[in-house]
Amino acid sequence: MKVETQRLILREFQLEDFQQIAPILANPQVMKFSLTGTLSPLQTKEKIASFIASYTKYGFGKWAVIFKESNELIGYCGIAVEEIDNQAEKEIGYRLDPRFWGRGLATEAATAALRYGFAQLKLPYILGIVEGENMKSVRVLKKLGMIYERDTIYHGIEMNVYRVTQNVYL
């Protein structure tokens, strides 16, 4: 699986991607709103293994985001299955190296992932789940056409749930 945008390539993770993604997921700025906080090298290897397992189990998951200009892995983006309000839901998620923030790349990557989810996977809707204080991520979700739906408690933290339906993309 590979999806290209104007500036990015989204592809399935391989275990070798560990070296490039580990410093990003160990960055406190990147992981400020993550439930896990910063990840150790071992936790990063486990996360990549979970992404790869998701491809096998569901046919999709979080993908490596490659910046075409430098061929550099700059983060991840994709759709995962998450337990939200006792339901297995499809949820968009992304993390990018701060050096690439503020350029619209998260929106570009997530738009491509959502299009894939609706066109290829035939999902009727996809959720975004975010802490209200994470204004940068809230802005991305709104740019994606997501609409605030409700508050929920997710892993013990109050979160906002956003939703977008396939008719926005197809």
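Just so we're clear, the structure is a prediction, and the values are computed from it rather than from any experiment.
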Just by modelled atom types, is the Y154 backbone N or O under 3.5 Å from a matching donor or acceptor in the T152 side chain?
no

I153 atom CD1, over 12 foreign heavy atoms within 6.0 Å
yes

Check step by step if side-chain contact (heavy atoms from CB on, under 4.5 Å) holds for T38 and N27.
CA-CA 6 Å; T38 57; N27 184 325; over 6 Å; no

Atom CG of D17 and atom CG of L73: how far apart are they, to the nearest 0.5 Å?
5.0 Å

Expected output: side-chain E91 to main-chain I79 donor-acceptor under 3.5 Å
no

Between Y55 and K62, which heavy-atom pair has the shortest distance, and what is it?
OH-O, 2.5 Å

Return the set of residues passing side-chain contact (heavy atoms from CB on, under 4.5 Å) with E72 (not counting sequence neighbours), or none when no residue passes.
S70, I74, R99, F100

Are there over 12 heavy-atom neighbours, none belonging to L121, within less than 6.0 Å of that residue's CG?
yes

Say you draw a straight line from CZ of F13 to OG of S54; how long is it, rounded to the nearest 0.5 Å?
12.0 Å

Kindly compute the distance separating CD1 (I52) from CG (L15), expressed to the nearest 0.5 Å.
4.0 Å

Examine I147 and I92 and state if one hydrophobic cluster contains both, with Ile, Leu, Val, Met, Phe, Trp and Tyr joined whenever side-chain heavy atoms are less than 4.5 Å apart.
no

Is V65 close to F67 at the side-chain level, that is, under 4.5 Å between some pair of heavy atoms?
no

Can you find a pair of side-chain heavy atoms, one from P98 and one from V30, that are under 4.5 Å apart?
yes

Is the number of heavy atoms from other residues, nucleotides or ligands under 6.0 Å of N71 CG greater than 12?
no

Quick one: CZ on R163 to CD1 on I126, what's the gap to the nearest 0.5 Å?
11.0 Å

Would a single hydrophobic cluster contain both V3 and L123, if residues Ile, Leu, Val, Met, Phe, Trp and Tyr are joined by side-chain heavy-atom contacts under 4.5 Å?
yes

Between atom CD1 of I48 and atom CD of Q43, what is the distance when rounded to the nearest 0.5 Å?
12.5 Å

Could you please spell out the steps behind the ring pair (Phe, Tyr, Trp, His ring centres under 6.0 Å) verdict for F51 and Y76?
CA-CA 10 Å; F51 293 162; Y76 70 72; 5.1 Å; yes

Under the side-chain contact (heavy atoms from CB on, under 4.5 Å) rule, what do M31 and R95 come out as? Steps first, then yes or no, please.
CA-CA 8 Å; M31 303 303 278; R95 299 255 185 270; 3.6 Å; yes

Does the structure place the NZ or CZ of K45 under 6.0 Å from the centre of the six-membered ring of F18, at an angle of no more than 45° from the ring's axis?
yes

Does this structure show an ion pair linking K68 with E4, if we count only N-O contacts that are shorter than 4.0 Å?
yes

Do Y125 and E89 pass the side-chain hydrogen bond (donor to acceptor under 3.5 Å, both in side chains) test, and can you show the C-alpha distance, the side-chain angles, and the key distance before you say yes or no?
CA-CA 9 Å; Y125 66 89; E89 297 280 13; 2.6 Å; yes

Ignoring hydrogens, what is the shortest heavy-atom contact between M1 and L10? Give both atom names and the distance.
CE-O, 3.5 Å

Linking I/L/V/M/F/W/Y whenever any side-chain heavy atoms sit under 4.5 Å apart, do F33 and W101 land together?
no

Could you tabulate the donor-acceptor pairs under 3.5 Å formed by side-chain atoms of residues 127-146, not counting sequence neighbours?
| from | atom 1 | to | atom 2 | distance (Å) |
| --- | --- | --- | --- | --- |
| N134 | OD1 | S137 | N | 3.3 |
| S137 | OG | Y94 | OH | 2.8 |

Transitive ILVMFWY side-chain link V81 to Y162, under 4.5 Å
yes

How close do I24 and L96 get, heavy atom to heavy atom, and via which atoms?
CG2-C, 4.2 Å

For F60 and K90, run side-chain contact (heavy atoms from CB on, under 4.5 Å): C-alpha distance rounded to whole Å, both residues' side-chain angles, the deciding distance at 0.1 Å, then the answer.
CA-CA 10 Å; F60 60 91; K90 309 326 180 269; 3.9 Å; yes

In Å and rounded to the nearest 0.5 Å, what is the CG to CD distance from D85 to Q87?
8.0 Å

Run the side-chain donor-acceptor check on residues 105-117: report pairs under 3.5 Å with partners two or more places apart or on a different chain.
| from | atom 1 | to | atom 2 | distance (Å) |
| --- | --- | --- | --- | --- |
| E108 | OE1 | R7 | NE | 2.7 |
| E108 | OE1 | R7 | NH2 | 2.6 |
| E108 | OE2 | T5 | OG1 | 2.5 |
| E108 | OE2 | R7 | N | 2.9 |
| T111 | OG1 | T107 | O | 2.7 |

